[in-house]
Amino acid sequence: MIELENVAYSYGGGELLTDLSLTVPPGSFHFLTGPSGSGKTTFLKLCYGALQATAGHVRLFDRDVRSLGRDDIALLRRRVGVVHQDCQFLDHLPVTENVALPLAVSGQDSGGTDANLKELLAWVGLTARADALPPELSGGERQRAALARAVIMSPDVILADEPTGNIDWEMSQRLLKLLVELNRMGKTVLVATHDLSLIRAAKAQVQTRVLRISNRRLQTAGADL
Amino acid sequence: MKLGLGAGAQMLRFDEKADRVVPPTGFTARLTLFSAFAMAFLAVFALALSLAAGRVAERWGDELAQSSTVRISAPAGEVARQTEAALRVLRTTPGIVDARALTDEEQRALLTPWFGADLPVEDLPLPQLIDIEETPEGYDAAGLRLRLAAEAPAAVLDDHARWRKPLTRAASRMRWLGWAAILLIGAATASMVTLAANASLAANAQVIAVLRLVGATDAYIASAFVRRFALRALGGAAGGTLIGVGALFLVPSGGDDTGFLTDLSIQGWGWLWVLLIPPVFGLVAFFATRFAAKRVLEELA
C-alpha cells in the first residue's frame, strides 16, 4: 500500500532523512515516533506525495510517486486521509463544508452524502458544532473535524501527524478510539506522534507496529513501548 | 500544470461549492471591479471615436472622390469663350460623366458663409467654376491638364486630391488610433487583472495548501479563482459600458455637417461592438487569471 525503498530526503543542503525502507501493508496500524525535528512530518509528506524523495522510491498504491504529475498525485491523495497537527481548515467555511471538502473537490454530488455527513459528524461528536467556523472550535474539536474530513472519502489509508499534540489526555483517548475503530474497519493507519502514552494506550487495544526516526534513519522501536 | 481544453471547460462550469472555497471579499475584488468599470468606460469612448472617424473618412472619400472642379481665371471678355472651350474638352474626356458651369447664384451660395448673402457677385472679378462629375473609374488628370492648357489656357483643374487625401488619411488614422486605444485598454485590463489575481492567489496560499491536501487538482483550484475574476470583470465592464453609453448621449450633436468630435454617437452595427465590450472584458480576465493561476500554482507546488 505504502512502500519506501532506500528513500532519502535533503533540504537546504542537509540530509534530513536517509536510507528509509518500509512496507506498510493494508489494514496495519503503525506509529511513527521520534524527537521533535527528527523528520516525522517530512516522512508523512513523502508518503502522500506532498514532498518528493531526493533519492530512492516511494510507492503509493503500487505507483511510484516520482513518476506522477501533480494532478495524478491529487487523484491518489483522495485515497489517503490526512490529519495535520494544525488541522488546516478553510476558516471562512463552516465545519460541515470543511468536512465535505474532499467530496467537493472530487466532483462528487451530494446525493446521499448529506446523511453520510451527519452520520460522520455524529461519529466524531460534532453534530452540535456543524455550523461553527473552524476558529470557533476547541483544539479537540478541530482534531475530530480534521479526522472526519480525512475519512469522508472512505480512504484506504489514514495518515495522522501529531493528532493529539494540542489536546488534553481525555480528548486524545477519544481520538485514538476513533482511529482504532477505523483500523478495525480495515483502514491502514499511520500516526506520527511523540506522545508515548498514546502509543501504549493503542497497543492495549489493537496490534500496532512502532517505528522510530533516530539519526535520520528509521528503526523499529524497542519493546519498552 | 495541465490547464488544457478540459480544464478550460471546467473553469467555465458554474460550481457553487468550488466558488465558495476562496474567501469572498478582499481588496483584489474591488480592484478588479473598478479597473474593469473604468476601462470599459474608456473603451466605449475609444470605440465611438473610432467609429466616428471611420464614418467621416468614408463620407469625405465618397463625397469628394468622384468630383472635381475647373476654375477659369481670365479677363472679363475671355471668360465665356474659355469656359465654352473648357466644357468642350471636358465633355469629350473619357471618365467624365458631366461637366457644368456654375451659375452666379450657385457661386454666390458658395461664398455666402464667408461674405454674407448680399455679395454682388457680378461686380467682383470672380473666376468661373465648372463642376465635373466623374465615372467611378475616374479620368486621366495629367492628360486632361495638357488638353486644357492647349484649348483653354486660363482653365485650372482641381481634382481635390491635393487636400482630400490628407483629410481622408487623417480620418482613417484616427479610426486606427481608436482601435489601437481599445487594444491598449484591453492589454491594460489584462495586466491589472493578472496583478490582482496574483495578489489574490498569493494571499490565499493557505487555502491552496488545504485544497491540495484534500486532493484538489490544479484545474479545480484555478477554476475557483478564474471564474471569480472573470465574473467580476464582466460585471465591472457591464457597468462601465452602460455609464459610457449614457455619457455619449450627453455629448451634444452638431448636426450632419460636422466632424467626428461632435458626432460621437453609436450607429447601426456599432451597437454590436458596444455590446461585445463586457463579454470581451470577461474573456480577457478569464485568460489573464488562468495565466496567473498557472504560474502561481507551479510556484506553490
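Each chain gets a letter, A, B and so on, in the order its sequence line appears, and its residues count up from 1. Just so we're clear, the structure is a prediction, and the values are computed from it rather than from any experiment.
Checked by atom type, the side-chain pair A:Lys118/A:Thr96 shows no donor-acceptor distance below 3.5 Å.
The side-chain hydrogen bond (donor to acceptor under 3.5 Å, both in side chains) check on A:Ser106 picks up nothing, with sequence neighbours excluded. The side-chain hydrogen bond (donor to acceptor under 3.5 Å, both in side chains) test applied to A:Arg129 returns A:Glu141, not counting sequence neighbours.
For residues 188-197 of chain B, an interface with chain A (any heavy-atom pair closer than 4.5 Å) does not exist.
Ring geometry, B:Trp271 versus B:Phe249: the interplanar angle falls under 30°, so the pair is classed parallel (tilted spans 30 to 60°).
Using a 4.5 Å cut-off between heavy atoms, A:Arg149 contacts chain B through its side chain alone, with no backbone atom that close. Only the backbone of A:Phe89 comes within contact range of chain B, judged by heavy atoms closer than 4.5 Å.
A:Leu93 pairs with exactly one of A:Asp91, A:Val95, A:Leu90 by the side chain to side chain contact (heavy atoms under 4.5 Å, CB included) rule, that one being A:Leu90.
Listed by first and then second residue, the side-chain hydrogen bond (donor to acceptor under 3.5 Å, both in side chains) pairs that reach into residues 2-11 of chain A are A:Glu5-A:Arg59, A:Asn6-A:Ser21, sequence neighbours excluded.
You'll find the ring centres of B:Phe287 and B:Phe291 outside the 6.0 Å limit.
Considering only heavy-atom pairs separated by less than 4.5 Å from chain B, the leading option among A:Met153, A:Arg77, A:His92 is A:His92.
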